[in-house]
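Structure first, then comments.
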Amino acid sequence: MEYLIMLLASIVLVLAVFLLEASRAKRQERKYIRDLYEHCEKLRDKKYAAERYERMGSYYRRHPEDGQIDDITWNDLGMDDLFKKMNYTLSASGEEYLYYTLRSLRQDKKTLQHLEETVDYFNNHPDERVRIQLSMRRLGYTGKYSLYDYLDNLDYLGERSSRGSILRDILFLPFIVLLFFNLSLGLMGLVALTLYNILTYFKAKGQIDPYITSFAYVLRLLDVCSRLEKQPIPVCAEEWEELHRHRHAMQAMRRNSFWVMSPGRGTTNASGNPIEILMDYIRMVFHVDLIKFNGMLKHLRDHIEDVDALIGITGFLETAISVWAFRQSLEEGYCLPEFVEEMQMELKEGYHPLLEKPVKNSISTTRGVLLTGSNASGKSTFLKTAALNAVLAQTIHTCTADTYRAPLFHVYSSMALRDDLGGGESYYIVEIKALKRILDAAAEGKRPVLCFVDEVLRGTNTVERIAASTQILASLGKAGILCFAATHDIELTDLLGDQFDNYHFEEDIREGDVVFNYRLLEGKATTRNAIRLLELMGYDEDIIRLANVQAEQFLETGEWQRRLT
């Protein structure tokens, strides 16, 4: 009786633990779904190790297009940080497609309009949006590497044939028949064949195990696409047709895939499941999983384009949801861009989306812009604000402004450059190469070029800097190019006055402190506070006095006097 009570108590305890765990899992799932409806900003809490950055650019590298943002511009504008701000994706497909989207300046309005319609649909249909997100959560990630890395590495396996394994499996039949005529000989044949298959199994299994991750992701992708087909999105009717066609082409890969993908495969000692143990011995003796793997490998190699298409479709859906979520996070507001044919840029109340308390500025110009003003006054931030709005307009159809009006551009920048120590190139060489690529792009004449230059040719001496800067900026002020350039060389405002509009930022000195209002003003900078700032920092009075005298003499004569005493 005591044993029976203990047995019943154990059963009750196991059931209680199971029910508690199931209840906890359900509560977590309900909370997660509630967050998808109400607190989607939690989806941005991701860790970004170096390998993650490398992985998420894989789809982009596989799909080069005209007008994509190059590495210099991407880094100048801090696009990695902007990507993290809008990365609400839940799968590797979504993350890689979002990255690709942010680097691909769309050159046709139709593509952007379709994205807008999809974003608007998810905005007005939260239940459908959440169901898509839950499906993409099932898809998840591939681990340290991109699926494309795994797919590329399939070639290392070479051509694999199952003929040997199938032939040995067939040999079991005559030995089984032989048992009825010569038991010992039949038994010896079966034992020998079994031992040979077991001994050769583990080497072959070790060769294919690293590729199971890619197979698992592809199978999850097919499963998710099957789920998506059951909840069609009207604005994505074309995508659903493509999804069905490409998924159907891959269906053969799913049949009997459990022999390869079973979670207990190869872990007989760790598993207490008798069915898994039996299946593991069947694999070892008959090489069922190796034969199926070779079939799946051939099928996958023949249908890489189908896999790529499915990644693109599912990635597009998650990107549209991320754009929706990003818009919800913009407390300062946003607008939809207006694309025109005329060469111009109109930006009203534009702001930098990564600043906590941004100062909004407006500009409307049909030609190049020269920005002057002291350090830290806001020139670089304004350049990045205008550049980011141009990029966001043509990638996610969203601008952090009240109004954005401009043509479809190719966008380039030369702003946050540095010496290339590894390549042995000075800052000046790096800079002139960066500027040359902009001139080359403009010379191609495919699309209007919008470029941003911060302190042109800062890496060389004053005389040559002003002379070369004048000619380079004059070239960037020609038809088909809209150039925004910041400079400390006030001489450029006069030398380029017929091609560029002048704007500036200025600061005030109040009660011994410097105050910046970060407001864009028309005209060139007129204040000279650099020497005054030396005084505020406690420099020697003689340094301050003589610097002022020397500056005044240069402004009067146009020539620098020798060092004063």
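Just so you know, these numbers use all the heavy atoms, side chains as well, and skip hydrogens, waters and symmetry mates.
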[X] and [Y]: side-chain donor and acceptor closer than 3.5 Å?
{"X": "D70", "Y": "T73", "result": "yes"}
{"X": "T493", "Y": "N502", "result": "no"}
{"X": "R137", "Y": "Q133", "result": "no"}
{"X": "N361", "Y": "Y518", "result": "no"}

* Counting only heavy atoms not in K85, do more than 12 sit closer than 6.0 Å to its NZ atom? -> yes
Does the distance from a Lys or Arg side-chain N to an Asp or Glu carboxylate O, for [X] and [Y], drop under 4.0 Å?
{"X": "R220", "Y": "D223", "value": "no"}
{"X": "K384", "Y": "D454", "value": "no"}
{"X": "D71", "Y": "R103", "value": "yes"}
{"X": "R465", "Y": "D489", "value": "yes"}
{"X": "D66", "Y": "R447", "value": "no"}
{"X": "K46", "Y": "E95", "value": "no"}
{"X": "E65", "Y": "R106", "value": "yes"}

Which heavy-atom pair separates [X] from [Y] by the least distance, and what is that distance?
{"X": "Y59", "Y": "G312", "value": "OH-CA, 3.6 Å"}
{"X": "P448", "Y": "L408", "value": "CD-O, 3.6 Å"}
{"X": "C335", "Y": "D402", "value": "CB-O, 3.4 Å"}
{"X": "R519", "Y": "K360", "value": "NH1-O, 2.8 Å"}
{"X": "L243", "Y": "C225", "value": "CD2-O, 3.3 Å"}

With [X], which residues qualify under ring pair (Phe, Tyr, Trp, His ring centres under 6.0 Å), at least two apart?
{"X": "F83", "answer": "Y99"}
{"X": "Y503", "answer": "none"}
{"X": "H114", "answer": "F316"}
{"X": "Y121", "answer": "H125"}

For residues 337-344, dump all side-chain donor-acceptor pairs below 3.5 Å to protein atoms at least two apart in sequence or in another chain.
| from | atom 1 | to | atom 2 | distance (Å) |
| --- | --- | --- | --- | --- |
| E338 | OE1 | R405 | NE | 3.0 |
| E338 | OE1 | R405 | NH2 | 3.0 |
| E338 | OE2 | R405 | NE | 3.4 |

* Structure fact -> Rounded to the nearest 0.5 Å, the NE2 atom of H63 sits from the OG atom of S104 at a distance of 10.0 Å
* Structure fact -> Separation between CG (L492) and CD1 (I466), nearest 0.5 Å, reads 6.0 Å
Are [X] and [Y] packed together at the side-chain level, in the sense that at least one heavy-atom pair is separated by less than 4.5 angstrom?
{"X": "S214", "Y": "Y217", "answer": "no"}
{"X": "W240", "Y": "L228", "answer": "yes"}
{"X": "D494", "Y": "K524", "answer": "yes"}
{"X": "Y412", "Y": "V449", "answer": "yes"}
{"X": "I363", "Y": "F484", "answer": "yes"}
{"X": "K433", "Y": "R437", "answer": "no"}

* To do: Examine Y53 together with Y48 and report whether their ring centres are nearer than 6.0 Å.
  => yes
* Asked: Among pairs that include at least one residue of residues 347-402, which meet ring-ring contact (aromatic ring centres under 6.0 Å, His included), considering only residues two or more places apart or in two chains?
  -> none
